[in-house]
There are 2 protein chains.
Amino acid sequence: MEQNITIHDIAKKLGISSSTVSRALNNNSRISDKTKKRVLELAEELGYKPNAAATALRMKRTKTIGLIIPKINRHFFADAINGVEKYATTHGYNVIITQSNENEEQEKSCIETLLHAGVDGIIASIALVKNDYQHYRKIIKREIPLVFFDRICDEIESNKVIVDDFKGGFLAAEHLISQGCKKIAHIAGPQHLNLYINRTQGFLKALRKHNMEPYEGGMLENYLTIEEGKEAAIKLLDTPNRPDGIFASNDTVCLSLIEHAEKKGISIPNDLAIIGFSNEPYAKLISPSLSTIEQRGYDVGFKATELLIRNIEYPSNNLETIVLPINLIIRKSSNKEV
Amino acid sequence: MEQNITIHDIAKKLGISSSTVSRALNNNSRISDKTKKRVLELAEELGYKPNAAATALRMKRTKTIGLIIPKINRHFFADAINGVEKYATTHGYNVIITQSNENEEQEKSCIETLLHAGVDGIIASIALVKNDYQHYRKIIKREIPLVFFDRICDEIESNKVIVDDFKGGFLAAEHLISQGCKKIAHIAGPQHLNLYINRTQGFLKALRKHNMEPYEGGMLENYLTIEEGKEAAIKLLDTPNRPDGIFASNDTVCLSLIEHAEKKGISIPNDLAIIGFSNEPYAKLISPSLSTIEQRGYDVGFKATELLIRNIEYPSNNLETIVLPINLIIRKSSNKEV
DNA sequence: ATGAAAGCGCTAACAA
DNA sequence: TTGTTAGCGCTTTCAT
């Protein structure tokens with residue numbers, strides 16, 4: 001076993017005390033340039049690496065941040081993780097990722113895991129199921145900085161980073177209107193989550209602006225899964241007077257809509273224009289390619305981490321909510337002009 | 001700040017020494033049942049949680065494992081991470097995930113990060129670019145258990161978990177043959193990586209078994225990207241005597257093949273049967289749906305972690321290579337009978 | 001069965 | 001500017 005080098009090894013070789021070595025390594029001002037130089041050189045030569053556990057024990061900080069993600073294999077979250085890792089590692093922090101699997105119990109155990117690991121801060125996106133969020137209070141009570149992103153809630157006071165879901169819903173609806181759609185339906189996500197509320201409200205705002213109302217019977221709400229998408233497709237499309245445009249609050253249900261429409265011989269986009277939300281990677285691959293709202297997960301994760309680390313290093317009580325821009329992406333599923 | 005409970009707090013309240021508390025908490029045999037019970041109850045009541053940093057410092061183990069992944073937002077790897085986390089957390093380990101982004105320099109820094117974090121073991125899948133793998137020796141020199149998965153190399157002696165790529169290539173080729181294909185081409189991945197070698201060799205073995213040869217000029221090798229797939233599509237399809245079946249070593253290039261075939265009016269699967277490898281999530285969504293070889297990333301990650309943690313807790317010198325099964329998934333892109 | 005004491009590697013208050 | 005010393009919370013040897 002290649003024995004790890006400690007500050008004591010360096011001190012002994014240099015005939016000085018280990019506290020002097022520590023000061024040299026930490027850029028303390030109360031040290032001579034000459035000594036500092038000698039320490040730094042020897043440390044480099046011996047390949048000295050500080051023992052993280054010892055520093056953590058002494059300093060009560062681990063230079064580690066925790067991440068609570070609903071599902072890692074969702075494109076948006078994978079991107080967000082990339083953003084988090086980028087900012088964190090360039091600032092000397094490690095990241096521990098945990099998954100709630102959209103489940104309240106697992107979300108609780110994620111929090112336990114991260115607190116036990118002694119993370120310096122936590123970034124979280126809450127599980128889809130309706131829950132009371134009270135377990136998040138435990139983080140705040142321990143005075144550990146907390147930043148929510150994307151799936152936020154109003155109940156817990158903390159820093160937040162979201163995308164402009166309202167504007168996304170608004171642009172999606174205006175786009176359908178610009179394509180000449182007159183009977184526009186909407187499949188909304190669970191309305192206990194802010195982001196779905198905002199998408200829906202943005203949608204409604206755009207209709208109002210153009211003196212339109214949502215197509216009668218065309219306001220649905222579900223969990224936006226493939227299965228519920230199929231049910232929604234049947235409800236919306238298996239009727240003589242069906243909508244000519246649908247805005248769905250994610251891309252997944254659009255897959256169900258497209259499949260059902262094809263089965264029924266409904267032509268997309270001419271008889272039915274469809275637009276989703278998220279720009280999942282398959283959106284541009286499927287046929288017809290899917291119009292959608294792009295939300296840049298990387299930026300969300302990056303920004304959330306910036307906010308978190310600032311709060312770790314310069315504690316403060318004022319809370320921020322950062323709203324990042326979205327983009328309308330027009331593809332074949334809604335673009336009648338092509 | 002809610003002060004954390006230590007064993008000394010428990011000891012004081014119970015009027016015993018902290019070493020006795022430690023023994024009770026660690027199920028040491030040299031302690032009376034009565035004392036143990038009292039300690040455990042009070043610990044529970046006070047919500048005692050051992051300080052991970054202190055234990056790590058004292059025990060020289062962190063109960064943390066490190067993961068080196070080429071790209072987290074690839075479906076296979078996201079699944080593998082799920083498997084790793086599942087096994088790790090149920091066995092009391094945390095996971096630190098790092099990404100190499102298919103880049104040798106970043107791979108080196110991943111290793112530095114993980115070693116510095118003091119992980120007890122490392123699970124890695126190597127970056128796509130050709131490199132000399134020497135940085136991995138540093139892990140072995142420190143006597144830290146190491147398990148490679150999926151992207152392995154022969155140069156480094158360690159435990160390995162892979163899928164049966166050879167059989168995957170074999171089954172893919174046999175399937176095309178069973179569909180009546182006579183002129184079968186193959187787009188291979190970089191042949192410095194074992195898994196691509198194996199897929200290609202399995203393919204060749206199946207042809208040999210059926211006394212066939214690969215279609216002349218139909219053995220291509222590239223990095224299996226969308227762009228290189230387009231070039232390959234042109235090479236293979238823009239010729240009068242084109243192949244009637246193609247096995248590609250991933251699903252990505254199949255996207256390019258399908259797009260080009262449609263543009264050329266080549267009917268899939270009747271004029272051209274296509275099968276890929278990986279079962280990416282979009283494989284069943286695209287049109288025509290894509291036949292492919294399913295490799296279960298979750299199982300790979302799970303198994304790799306099992307192997308790693310066994311090696312951490314019961315050090316041993318004999319090395320294993322575990323090969324997990326794959327599945328042939330037949331969809332429209334190759335299924336002439338439907 | 002229990003306690004006292006040392007020490008893991010580091011930082012920082014205090015002394016010189 | 002440098003050294004001495006104590007202590008972060010835990011485990012473990014040695015003593016009792």
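In what follows, every chain begins at residue 1, and chains take the letters A, B, ... in the order their sequences are listed.
Following rounding to the nearest Å, B:Asn28 (CG) and C:dT2 (P) show an atom-to-atom distance of 11 Å. Remark: P of C:dA1 and CD1 of B:Ile16 are 14 Å apart, rounded to the nearest angstrom. One interatomic measurement links the two molecules: NZ of A:Lys37 to C1' of D:dT1, which rounds to 18 Å at whole-angstrom precision. Across the protein-nucleic acid pair, B:Asn51 atom CG and D:dG9 atom P stand 7 Å apart, rounded to whole Å. To the nearest angstrom, P of D:dT2 lies 9 Å from CZ of A:Arg38. To the nearest angstrom, P of C:dG9 lies 8 Å from CG of A:Asn4. In this structure, the CG atom of B:Asp9 is 13 Å from the C1' atom of D:dC8, given to the nearest Å. Following rounding to the nearest Å, B:His8 (NE2) and D:dC8 (C1') show an atom-to-atom distance of 9 Å.
Here B:Ser17 reaches the OP1 or OP2 of C:dG3: one of its side-chain N or O atoms lies under 4.0 Å away. The phosphate of D:dT1 (OP1 or OP2) has no side-chain N or O of A:Lys34 nearer than 4.0 angstrom. Between A:Lys36 and the phosphate of D:dT1, there is no side-chain N or O to OP1/OP2 separation shorter than 4.0 Å.
Salt-bridge annotation for A:Arg137 and A:Glu157: present, with a side-chain N of the basic residue lying under 4.0 Å from a carboxylate O of the acidic one. Under 4.0 Å is where a charged nitrogen must lie from a carboxylate oxygen, and between B:Glu41 and B:Lys37 at least one such pair does. Comment: A:Arg310 engages A:Glu320 in a salt bridge, judged by a side-chain N to carboxylate O separation of less than 4.0 angstrom.
Residues forming a side chain to side chain donor-acceptor pair (under 3.5 Å) with B:Ser316 (at least two apart in sequence, or on another chain): B:Asn318. For B:Phe77, the ring pair (Phe, Tyr, Trp, His ring centres under 6.0 Å) criterion is met by no residue, not counting sequence neighbours.
Between A:Tyr136 and A:Phe148, the distance from one ring center to the other falls under 6.0 angstrom.
Side-chain contact check for B:Asn28 and B:Lys36: no donor-acceptor pair (N or O, by modelled atom type) lies under 3.5 Å.
Closest approach to the B:Pro50 side chain among C:dG3, D:dC10, D:dT2 is made by D:dC10 (side chain taken as heavy atoms from C-beta onward).
Within 4.0 Å of A:Ile31, counting heavy atoms only, lie sugar-phosphate atoms of the nucleic acid but no base atom.
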Distances under 3.5 Å between nitrogen or oxygen atoms of protein and nucleotides 12-16 of chain D:
{"from": "D:dC14", "atom 1": "N4", "to": "B:Arg30", "atom 2": "NH2", "distance (Å)": "3.1"}

